[in-house]
Amino acid sequence: MTSQRYNARESEPRWQKIWDERDIFATRNDDPKPKYYVLEMFPYPSGRIHMGHVRNYAMGDVVARYKRAKGFSVLHPMGWDAFGMPAENAAMANKVHPKAWTYQNIAAMKAQLKSMGLSLDWSREIATCDPSYYKHQQAMFLDFLKAGLAERKLGGVNWDPVDQTVLANEQVIDGRGWRSGAEVEQREMMQWYFAITKFSDDLLAKLDTLTRWPEKVRVMQQKWIGRSEGLALRFALDPHTTPQGEQELEVFTTRPDTLFGAKFMALSPDHPLATATAANNPALAEFIAECKRQGTAAKIIETAEKQGFDTGIRAIHPFDPSWQLPVYVANFVLMSYGTGAIFGCPAHDQRDLDFVNKYGLGNTPVVCPDGQDPATFVITDTAYDGDGKMINSRFLDGMIIAEAKEEVARRLERETIGNRAVAERQVKFRLRDWGISRQRYWGCPIPVVHCEDCGIVPVPAAELPVKLPDDVSFDRPGNPLLRHEAWRNVPCPRCGKPAHRETDTMDTFVDSSWYFVRFTDPWNEDAPTTPAVANKMLPVDQYIGGVEHAILHLLYSRFFTRAMQITGHVAMDEPFDGMFTQGMVVHETYRKTDGEWVTPAEIKISATGDKRSATLLSTGEPIEIGSIEKMSKSKRNTVDPDDIIDTYGADTARWFMLSDSPPDRDVIWSEEGVQGATRFVQRVWRLVSTAAKNLPGPGTQVDMSGHASAKALRMQTHQTLADVSNGIERLRFNTAIAKLYTFVGTLHEVVDDPTGNYRTDPVYGAATREAFDILVRLIAPMMPHLAEECWASLGHEGLVSQADWPEVEAALLVSDTMTLPVQVNGKKRGDIVIGRTASNQEIEAAVLALDVVKTALNGKPARKVIVVPQRIVNVVG
RNA sequence: GCGGACGUGGCGAAACUGGUAGACGCAAGGGACUUAAAAUCCCUCGAUGGCAACGUUGUGCGGGUUCGAGUCCCGCCGUCCGCACCA
């Protein structure tokens with residue numbers, strides 16, 4: 001056996017160069033083969049790739065290479081999500097221009113990605129910070145503006161005081177900015193919005209069609225969109241009690257059935273009626289100010305007591321003019337949902353119950369669960385929100401909830417107040433319009449001009465892109481564009497009077513909401529898309545990325561595709577046919593006795609028995625092995641892809657990333673695991689290079705029928721082929737890899753066989769040749785460099801990267817005989833080997849003749865024999 | 001609180017629509033080769049009883065359905081993730 005080791009460091013760049021020179025991963029848009037679009041979420045150019053990228057891109061590359069071999073025209077592009085705050089932060093910290101910083105990072109990361117050997121079409125590379133990209137984004141912004149899908153309006157916004165910018169709700173986590181971690185303030189500002197709420201219904205309804213998305217992601221989006229059906233109800237107000245004689249108050253409710261259980265009304269502290277009342281009521285004004293100070297941080301909400309302030313205003317019950325309800329301002333009512341006002345039915349809503357219990361307003365149950373006596377049914381501390389029959393509700397009594405809801409709606413729809421119906425059926429959504437304004441430099445400029453006379457004037461198409469000025473400084477906080485007079489001051493495109501540019505730039509989620517479309521024709525300088533091409537290449541057949549983008553990025557992209565459809569850039573509404581969320585890469589943590597974290601590279605692990613212990617390499621001091629956590633700089637439990645590729649090679653890294661855990665679960669990166677993977681690389685190489693010189697030439701045809709051992713080998717080869725193909729199709733890379741381990745084990749036995757059968761028997765040799773030719777092609781999507789090396793060593797002319805996927809011979813997946821496990825009373829007692837076509841009677845007879853069965857039955861006759869075809873036999877005694 | 005996912009050896013995990021539980025990998029132990037080490041190869045490896053053939057038991061816990069349950073149903077316990085005053 002040769003003991004020559006496979007040298008990944010020498011081999012991998014060599015094959016990468018050959019792939020490059022022959023340009024084999026470029027996709028032609030006019031390729032007549034069926035298309036398959038594989039996409040991994042493009043990276044932010046932070047400067048270095050991390051192991052999460054390695055995992056993500058390894059998975060995508062397996063799919064891309066597999067589909068290519070299966071005869072598809074595969075589109076597999078890569079680009080850079082290149083706008084965003086880190087570039088500005090770097091500018092402030094290191095006095096480097098965001099553009100220079102970004103492009104340096106792109107160059108460095110591109111080199112890293114190249115060293116992974118990914119089958120990417122680099123000719124389509126895009127960077128969102130490049131004017132050739134954002135030019136089209138600006139054009140689409142203007143299209144959206146014209147179509148009423150973009151608008152400027154006053155909005156309560158989340159203001160990040162550290163980053164000095166507005167954040168989307170999704171970017172506020174526990175009341176803090178998602179990047180800065182600073183406590184977010186509420187401010188009113190004029191902002192640009194995309195009208196995503198126009199698609200609320202459609203975005204929700206079409207989730208059901210996304211069958212190749214993870215259930216989890218669909219549920220998250222469904223919740224986020226948050227549809228609820230209910231009734232808008234107008235309560236008459238006693239005008240003597242309102243500050244300016246206001247006549248009515250509109251609330252939204254999903255529980256109109258509980259109207260007879262109402263005890264109070266409550267306004268949001270931001271409600272106009274609350275504001276108006278507070279004008280003459282200093283105590284109320286102080287209460288409202290206090291509420292606003294509390295903020296919306298999750299921690300505060302959890303613990304905050306329900307608090308209210310009686311405005312003195314009285315509302316009239318819609319079914320009883322003599323029934324007055326007090327109107328409070330309450331800290332738990334949100335202005336941003338419904339109308340910012342509610343009626344409170346404490347018996348059937350926990351929040352309302354907590355509230356009345358504090359203010360002594362009492363409660364009346366109006367829904368009685370079945371089996372409860374209405375006469376004794378009382379609510380004290382826990383509201384009842386289940387099913388039941390109406391009680392204490394006059395004409396509703398005895399109805400179930402749904403009937404009562406319907407009855408209330410029917411009656412109140414006919415009533416009017418101030419010429420309008422008292423009640424109106426409504427559907428409300430939690431989803432709000434997408435605020436895209438950012439008070440930042442390093443983003444896509446919003447291409448409009450503000451003119452005193454003409455108002456908001458779009459920049460004419462011929463003048464796009466509105467380029468970011470290069471001469472900016474970051475020595476002060478806030479937006480450098482705002483103080484760049486030369487850039488900001490421009491004549492109005494319409495009237496020519498002095499005007500100024502919009503200085504807000506777009507949220508970077510806008511950039512990533514259509515990059516997958518741009519990849520289909522990034523060369524079109526005149527338009528964002530070439531619709532014929534985009535419509536052919538889209539949707540993305542398999543998108544792969546982190547679950548952290550389950551809501552933000554994926555929902556925005558779904559919106560953007562719809563908006564692009566309306567404005568004529570594409571002809572579809574759903575961008576991603578298949579979506580997969582991969583798990584994280586996690587690693588053990590290590591710390592010194594003083595609590596300081598140390599990196600995996602700084603320590604040495606030794607094991608005796610089941611005990612593992614670690615010491616610091618430099619000093620030999622003991623190191624505590626801590627819990628397994630997501631790789632992070634703060635815990636210093638990262639490993640650098642460059643180091644890994646340097647020591648083990650890209651193939652080893654890719655293989656290990658795919659092998660240990662199911663792809664949607666976290667994978668534990670461990671030194672031992674990598675060793676296992678690299679052992680396998682060497683094993684395959686040894687095996688192939690040993691066998692290669694003893695095999696018949698490629699393409700040798702031999703009649704193998706009637707040759708038992710050749711057939712057995714061929715059966716296993718084709719079974720493995722079928723299993724691995726199936727595993728890749730279902731993205732079950734870990735199980736596909738397990739089959740390959742087993743197959744390599746078998747081939748090892750074949751080659752190691754002391755009789756040297758595969759060398760001396762031409763028929764068996766031909767079967768072995770086939771096995772190796774298939775093995776190498778099965779390994780190629782995961783370990784492309786090693787596979788090329790093996791393919792060449794097996795005497796093939798072309799590249800395995802361009803070879804067809806082998807065809808399964810279906811006849812080899814079924815054998816003439818089958819081994820059936822035999823159970824007696826559900827317990828396994830033995831096996832029978834019997835002809836594949838044996839009848840149930842034959843099987844039964846064979847089974848009952850078995851000694852183990854007779855013994856287990858204790859001489860008694862079998863009561864029943866259950867034969868499950870091709871599976872199992874169970875004897876019931 | 002609501003929603004979702006999950007719970008299988010020392011560890012990561014397999015087990016397709018209910019049909020041989022633990023494939024495959026890691027770790028560990030033993031052995032071969034070697035002057036030695038690395039590398040490589042072979043054997044063992046859920047628990048328990050037995051010299052052994054083999055038996056018993058075993059997929060978080062308690063029930064149930066079934067000839068048969070890791071898988072289905074009911075009730076608990078635990079872990080992780082997401083959402084969170086949405087009326």
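Below, chain A is the first sequence line, B the second, and so on; all start at residue 1. Keep in mind the model is a prediction, meaning the values are calculated, not measured.
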Are the aromatic ring centres of A:F656 and A:Y648 under 6.0 angstrom apart?
no

Regarding the side chain of A:T735, the nearest nucleotide among B:G12, B:G19, B:A14 is B:A14

Any strand: nucleotide that pairs with B:U44 via Watson-Crick or wobble, under 3.5 Å:
B:A28

Nearest-angstrom distance from the residue atom CE of A:M220 to C1' of B:C83
8 Å

Between B:G19, B:C83, B:A14, which nucleotide gets closest to the side-chain atoms of A:N874?
B:G19

May I ask you to establish whether A:K306 and A:F355 are in a cation-pi arrangement, using a distance under 6.0 Å from NZ or CZ to the six-membered ring centre and at most 45° from the ring axis?
no

So, is A:S228 near the phosphate of B:A87, with a side-chain N or O under 4.0 Å from OP1 or OP2?
yes

Thinking salt bridges, do A:E406 and A:R425 make one under a 4.0 Å N-O criterion?
yes

Considering every strand and a 4.0 Å limit on heavy-atom distances, what is the contact class for A:K223: base, sugar-phosphate, or nothing?
sugar-phosphate

Pick one for B:G9: is it syn, with its angle within 90° of 0, or anti?
syn

Among B:C2, B:A84, B:U20, which is the nearest nucleotide to the side chain of A:D831?
B:U20

Closer to the 5' end of RNA chain B via nearest nucleotide, is it A:I866 or A:G676?
A:G676

A:Q823 has an atom CD; how far is it from atom P of B:C67, in whole Å?
13 Å

Return the nucleotide paired to B:A87: Watson-Crick means purine N1 to pyrimidine N3 with N6-O4 or O6-N4, wobble means G-U with N1-O2 and O6-N3, both under 3.5 Å.
none

From B:A23, B:G82, B:C67, nucleotide with atom closest to A:V876 side chain:
B:C67

Checking all strands, does A:V865 fall into the base, sugar-phosphate, or nothing category for heavy-atom contacts under 4.0 angstrom?
nothing

Provide the Watson-Crick or G-U wobble partner of B:G7, both distances under 3.5 Å; none if there is no partner.
B:C77

Under 4.0 angstrom between A:R679 side-chain N/O and B:A27 OP1 or OP2:
yes

Pick base, sugar-phosphate or nothing for A:G673, based on heavy-atom distances below 4.0 Å to the nucleic acid.
nothing

Return the 5'-most residue of the pair A:R829, A:R871 with respect to RNA chain B, ranking by each residue's nearest nucleotide.
A:R871

Are OP1 or OP2 of B:C41 and a side-chain N or O of A:H748 less than 4.0 angstrom apart?
yes

Taking OP1 and OP2 of B:A14, is either one under 4.0 Å from a side-chain nitrogen or oxygen of A:R732?
yes

